[in-house]
Number of protein chains: 2
Amino acid sequence: MVLTFTEENYLKSLFKISIENENQEVGTTTLAAVLGVKAATANDMLKKLKEKDLVLYEKYGKITLSIVGRTKAIEVLRKHRLWETFLYEKLEFSWDEIHAVAEQLEHIQSEKLVEQLDKFLGYPAFDPHGDPIPNQNGEMKVQFKETLSQIPMGTNCKMVGVKDNSSAFLQYVGKLGLGINVDILVVSIQDYDAMMLIEVGDQTLTISSKCSENIYVVQ
Amino acid sequence: MVLTFTEENYLKSLFKISIENENQEVGTTTLAAVLGVKAATANDMLKKLKEKDLVLYEKYGKITLSIVGRTKAIEVLRKHRLWETFLYEKLEFSWDEIHAVAEQLEHIQSEKLVEQLDKFLGYPAFDPHGDPIPNQNGEMKVQFKETLSQIPMGTNCKMVGVKDNSSAFLQYVGKLGLGINVDILVVSIQDYDAMMLIEVGDQTLTISSKCSENIYVVQ
DNA sequence: TTAAACTGTTAGACTAGTCTAAGAAAGTTA
DNA sequence: TAACTTTCTTAGACTAGTCTAACAGTTTAA
């Protein structure tokens, strides 16, 4: 079954919401906000997706992906992350530029293209933002990770990803000298506003809680 | 000005018709046939393209691309041929598989993507079918070429391209052992039906006029 | 426990791209 | 040049995806 770009985007958003907000119930309004459309529009589309058995949904109830819907969403996510990796590793795109272009490339329909791209890139398990890339069977490596804001004073850790994928955040973080696999030492944390003093290489940086909450690390 | 996929396809088809049938006038019916839509549909779209100053067109008159329309068409063609080259050279796609996927990839909007892809491929001048790839300024190398059917008996030549890009033709030609840069000796030509006896490597092949008319060669 | 606030649904309208059916213009040929 | 054929255009309809405006259901909190 071939889906339209729009249908794929709805499924992808539903999947992303479900993994980001674990057990939070997803409603029309949330979904609409994520997709940048009006609630009425999302409601219409949900009816169509239900008709095609891609979501489970009853009037005024919560929205869940069906098995097929979930599979489709993971396929799109796989393509998105493979393309991001390609753009970053092969075409000299920067961290903050890859997302927008991958949003377009993720809808290209060709199984061979996906598999050959995966092979060409050496079967990467994580994309340039540290997010896991689903394999051909839809399985993803789960990496235990915490946000930098959860790391206690005096502890060393290594950056493995970001929560916020916005261009603005990525540009800022990159400018600070942070990035995947960068070692970080938490020097001190302000009681009042959770501002953090961290050491990265030979530099000392002060970062806000908003920032440290959006950086994933492992100890 | 960002165009829709459909608009891009109309411009691309108009451009391709204009280079294939040099001074032949293009009408609604021809265009519609090339795009696989009905004449009424093509007519509607032509009105829109005219409104946007992408084509020159008067009721019951012939259709011509405007400067802007032509530029847009060449951009799409550039992307198409670069992607074909990428699929063939980097992702192990075969000759006959690349076109269909490139039809999708050619609509991705990102100037940086096109330029980086071109660089990554080493600024190729011709795609895997032997067709010239427009450079960033829209200029294409013109290679003097004839169809194999025009080569006289006893002459050596080299294959440089194909006229028919269909999967069926490419599969057939490939199976015969023909391909870009393959040397061909025209052994004999039947008077009656222009069937050709040719030597390729150590093989002798018999090919129809339909086939020899769709193969481009240089002497 | 009921009023206010929020969330979800429906109805009606719009655009892009397509179609069919019918009619108008142009070209061809006897 | 009149009749026929072909090509082109118009009118009206349909689907996908979107919107606004209004109404319905659910939740919250006074």
Side-chain angles (χ1 to χ4, degrees), chain A residues 1-14 17-18 21 23-65 69 72-73 76 103-104 106-109, chain B residues 1-14 17-18 21 23-65 69 72-73 76 103-104 106-109:
Chain A
M1 177 180 33
V2 178
L3 307 181
T4 65
F5 281 29
T6 312
E7 288 169 336
E8 287 195 342
N9 282 334
Y10 275 81
L11 296 179
K12 186 183 64 168
S13 293
L14 281 170
I17 295 168
S18 82
N21 321 336
N23 33 26
Q24 194 179 305
E25 304 206 343
V26 184
T28 322
T29 312
T30 316
L31 177 61
V34 170
L35 283 157
V37 298
K38 292 295 147 82
T41 309
N43 190 259
D44 283 349
M45 183 56 76
L46 283 170
K47 283 186 206 156
K48 287 180 202 158
L49 294 175
K50 192 199 164 179
E51 202 51 47
K52 291 188 171 190
D53 291 318
L54 294 163
V55 300
L56 309 173
Y57 180 54
E58 293 306 327
K59 229 176 163 180
Y60 295 104
K62 71 168 180 175
I63 311 160
T64 328
L65 285 170
K72 288 282 177 191
V76 177
E103 286 283 302
Q104 297 181 62
E106 72 191 5
H107 301 294
I108 304 290
Q109 300 292 342
Chain B
M1 177 180 31
V2 178
L3 308 180
T4 65
F5 281 29
T6 312
E7 287 169 336
E8 287 194 343
N9 282 334
Y10 275 82
L11 297 179
K12 186 184 63 168
S13 292
L14 281 170
I17 295 168
S18 82
N21 321 338
N23 33 27
Q24 194 179 305
E25 305 206 341
V26 184
T28 323
T29 312
T30 317
L31 177 61
V34 170
L35 284 157
V37 297
K38 291 294 149 80
T41 309
N43 189 260
D44 283 349
M45 182 55 77
L46 283 170
K47 283 186 206 156
K48 287 180 202 157
L49 294 175
K50 192 199 164 178
E51 202 51 47
K52 291 188 171 189
D53 291 318
L54 294 163
V55 300
L56 309 173
Y57 180 53
E58 293 306 328
K59 231 175 161 179
Y60 294 102
K62 71 168 180 175
I63 311 160
T64 328
L65 285 170
K72 288 282 177 191
V76 176
E103 286 283 303
Q104 298 180 63
E106 72 191 5
H107 301 295
I108 304 291
Q109 300 292 343

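Taking NZ of A/K59 as the start and NZ of A/K47 as the end, the distance is 8.0 Å to the nearest 0.5 Å.
B/K62 NZ: 12 or fewer foreign heavy atoms inside a 6.0 Å radius.
Checking side-chain atoms of B/K50 against main-chain N and O of B/Y57 turns up a donor-acceptor pair under 3.5 Å. Under the 3.5 Å distance criterion, the side-chain polar atoms of A/Q104 are matched with a main-chain donor or acceptor of B/Q109.
Close approach of DNA chain D to chain B, defined as any atom under 4.0 Å from a non-hydrogen atom of the protein, starts and stops at D/dT7 to D/dT10.
If you check every strand for non-hydrogen atoms under 4.0 Å, A/F5 touches nothing. Among the heavy atoms of the strands lying under 4.0 Å from B/K47 are primed sugar atoms or P, OP1, OP2 only; no base atom is included.
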Anything under 3.5 Å between a protein N or O and an N or O of nucleotides 20-24 of chain C, put it in a table, one pair a line.
{"from": "C/dT20", "atom 1": "OP2", "to": "B/K38", "atom 2": "NZ", "distance (Å)": "3.1"}

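Counting only heavy atoms from C-beta outward, the side chains of B/I63 and B/L49 never approach each other to under 4.5 Å. Using a 4.5 Å heavy-atom threshold, the side chains of B/L11 and B/V76 count as separate. Side chains of A/L3 and A/L54 form a contact here, defined as non-hydrogen atoms less than 4.5 Å apart. Put simply, the side chain of A/K72 does not reach to within 4.5 Å of the side chain of A/E7, judged on heavy atoms.
Using a 30° and 60° split on the angle between ring planes, B/H107 and B/F5 fall in the parallel class, below 30°.
Atom CD1 in A/I63 sits roughly 7 Å away from atom P in C/dG8 (whole-Å rounding).
Less than 4.0 Å separates DNA chain C from at least one heavy atom of each of the following residues of residues 48-56 of chain B: B/K48.
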### Task
Please test B/N9 against B/E106 for side-chain contact (heavy atoms from CB on, under 4.5 Å), starting from the C-alpha separation and ending with a verdict.
CA-CA 10 Å; B/N9 282 334; B/E106 72 191 5; 3.4 Å; yes
